[in-house]
Amino acid sequence: MSVDLVIKGGCIVGERGRIRAGIAVHAGRIVAIADDDLLPPATTVVDATGLHLLPGVIDVHVHFREPGMAHKETWTTGSRAAAAGGVTTVFDMPNTEPPVDTVAHLEQKHERAREQSLVDFGLYGLLGEHNLDQLAALAEAGVIGFKLFLGNTTGNLPCPSDGAVREGFEILADLGLRCSIHAENSPMLFWREARLQAAGRNDPRAHLEARDDLVAVEALNRACTIAEWTGARIHIVHESTSASLPYIAFFKQRGVDLTVETLPQYLLLSMDDVEAPNGAALRMNPPIRDAFHQAPLWEALTSGLIDMIATDHAPHGPGEKTGARIWDIACGLLGVETSLPLMLTEVNNGRLTLEEYVRASAAAPARAFGLYGRKGVLQVGADADIVVVDLERHATLSAARQHSLDRQFPYDGRPVQGVPVMTFVRGRLVAKDGEPVETARGWGRMVRPTMPAPRPRNVERSLARLTRPLG
Ligand code: DOR
Ligand code: ZN
């Protein structure tokens, strides 16, 4: 028997170790992992001598902006950046225009993504105050999970009331899908922004002060408390502060089905960068913080307390990342294309092992969102989502070479060691040597989660039960 593709000569990395072996791929799946001489003949044979094979990166947090904000990014440009950066699956956030609050709006986005994307994608539904009656239909239609904006950010989606959040969690606990949460306290940050602005504070640090640690810690605790009570599965996006870590440990210990991501931005950038000349463009939500947060965040990542790395890839249009006052600068940074080389550089620096990186970039995201086995791991039967990396190669990141529409790039000139050489999505080459393969446009498909059985709690006090017609 002959297969489509064999990649041989490389070293295959999993979260629990690595082996020297080859991979055979047929019809998009891994069909064999064996010594190179035992692999079947193939139409295409790739020599990966001296290279490492990792499960393709799963980035659970990107903003590809379509529909509605195509001047910031499109599914074509965003997914080209993803492919070039070794990312084989992205989960797109629902703060587009319109937001993904109904099945019709989900379909609008799905159509655009399916036509353009080079990589596979999950689509988030929105958990908002006005669409609690849509959550079940969105789940049925295949959303990867839901997104709750407790903290205000791009798109200005209003933060639902606590009552709506509780009822939303009751519904999601029953559905079993995970809810990703932007954990900042909106009323608190609005209040502080207004007071700081009234006092004439327009400097970059004022943005950090408006959204200080308590703004994050309070929202995290509220979300976890309601999740524990209702049995909802939750995911905290872009964890930025070491002040959250004891609370994350506490709620995990109490059995809350809680996963957490952090971003390269928080691990590698600090207020030293934000307060440097031209640093104000690093404005994002939650803000980049003082450098002392970095070491505890790294420790939490390697220990597994923080489960995964995402990017919050948040492009903006021409001129939107500039302004006289910090308040005028759009929030969010590019990231999907450069997360892998930045993190491989840290592997080379000894900050984490390659196995820990595979856990944080692929295995843990797949597990949290019901994809594990199909994705997130190189094993027989899994999708052949593979990124071949050269851990030895040095490169310099450059704004000009990014594939996103946005030209504002936080890592211009930064040296890296460790780069993606080839990215395969279901066996198809979608990028080589940092350049996307044009013909792969439209190859990406929507992924749907297969979650464990739901485990709702305190059901007798849920509004669905209490408002059920009597008799
Ligand atoms: O800085 C941010 N930008 N933080 C978010 O949470 C959203 C994102 C965006 O959509 O621009
Ligand atoms: Zn985001």
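As the structure lists them, so they are numbered: ligands from 1, and atoms in each ligand from 1. Atoms considered below: every heavy atom in the structure, side chains included; atoms not considered: hydrogens, waters and symmetry mates.
Paired with V60 under the rule side chain to side chain contact (heavy atoms under 4.5 Å, CB included), one option of R178, M93, H235 passes, and it is H235.
Listed by atom number, the atoms of ligand 1 under 4.0 Å from H63 heavy atoms are 7 (C), 8 (C), 10 (O). Near T153, meaning under 4.0 Å from one of its heavy atoms, ligand 1 places the atoms 2 (C), 3 (N), 4 (N), 5 (C), 6 (O), 7 (C). Near H182, the atoms of ligand 1 lying under 4.0 angstrom from a non-hydrogen atom of the residue are 6 (O). Residue M284 approaches ligand 1 through these ligand atoms, each under 4.0 Å from one of its heavy atoms: 1 (O). Distances below 4.0 Å separate heavy atoms of H316 from the following atoms of ligand 1: 11 (O). Those atoms of ligand 1 with a heavy atom of A314 less than 4.0 angstrom away are 3 (N), 8 (C), 9 (C), 11 (O).
Residue-level proximity to ligand 1 for R283 is absent, since no heavy atom of it falls below 4.0 angstrom. At a heavy-atom cutoff of 4.0 Å, ligand 1 is contacted by no atom of L333, backbone or side chain. The proximity of R65 to ligand 1, defined as any non-hydrogen pair under 4.0 Å, is limited to the side chain.
With a cut-off of 2.8 Å, the Zn ion (ligand 2) has no N, O or S atom of H238 in range. Under 2.8 Å from the Zn ion (ligand 2) lies an N/O/S atom of H63, whether from backbone or side chain.
Side-chain N/O atoms of E239 and S244 include a donor and acceptor closer than 3.5 Å. One side chain, T76 or R441, offers a donor N or O that lies under 3.5 Å from an acceptor on the other. Side-chain polar atoms of H207 and E193 form no donor-acceptor pair below 3.5 angstrom. Donor-acceptor pairing under 3.5 Å is recorded for the side chains of S404 and H313.
Of all N, O or S atoms in H61, the one lying closest to the Zn ion (ligand 2) is NE2. Minimum-distance N/O/S atom of D312 relative to the Zn ion (ligand 2): OD1.
The aromatic rings of H238 and H61 sit tilted, their planes meeting at an angle between 30° and 60°.
Residues I58 and K375 meet the side-chain proximity criterion, which asks for heavy atoms closer than 4.5 Å.
A cation-pi arrangement, defined by a distance under 6.0 Å to the six-membered ring centre and an angle within 45 degrees of its axis, is present between R428 and W443.
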side-chain contact (heavy atoms from CB on, under 4.5 Å) assessment of H182 paired with L148 | CA-CA 6 Å; H182 181 131; L148 166 61; over 6 Å; no
Apply the test salt bridge (Lys or Arg N to Asp or Glu O under 4.0 Å) to residues K109 and D92: give CA-CA distance (whole Å), side-chain angles for both, the deciding distance (0.1 Å), then the verdict.
-> CA-CA 10 Å; K109 181 176 283 189; D92 187 67; 2.6 Å; yes
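The closest non-hydrogen atom to atom 4 (N) of ligand 1, taken over N285, L157, N95, comes from N285.
For ligand 1, one of its N or O atoms has an N or O atom of G332 under 3.5 Å away.
The closest approach between a heavy atom of E184 and any atom of ligand 1 is not below 4.0 Å.
Atom 9 (C) of ligand 1 has T154 OG1, 3.1 Å as its closest protein atom, hydrogens excluded (heavy atom only). In terms of protein heavy-atom proximity, atom 3 (N) of ligand 1 is nearest to C331 O, 3.0 Å.
When every heavy atom of V437 is checked against every heavy atom of L118, the shortest pair comes out as O-CD2, 3.7 Å.
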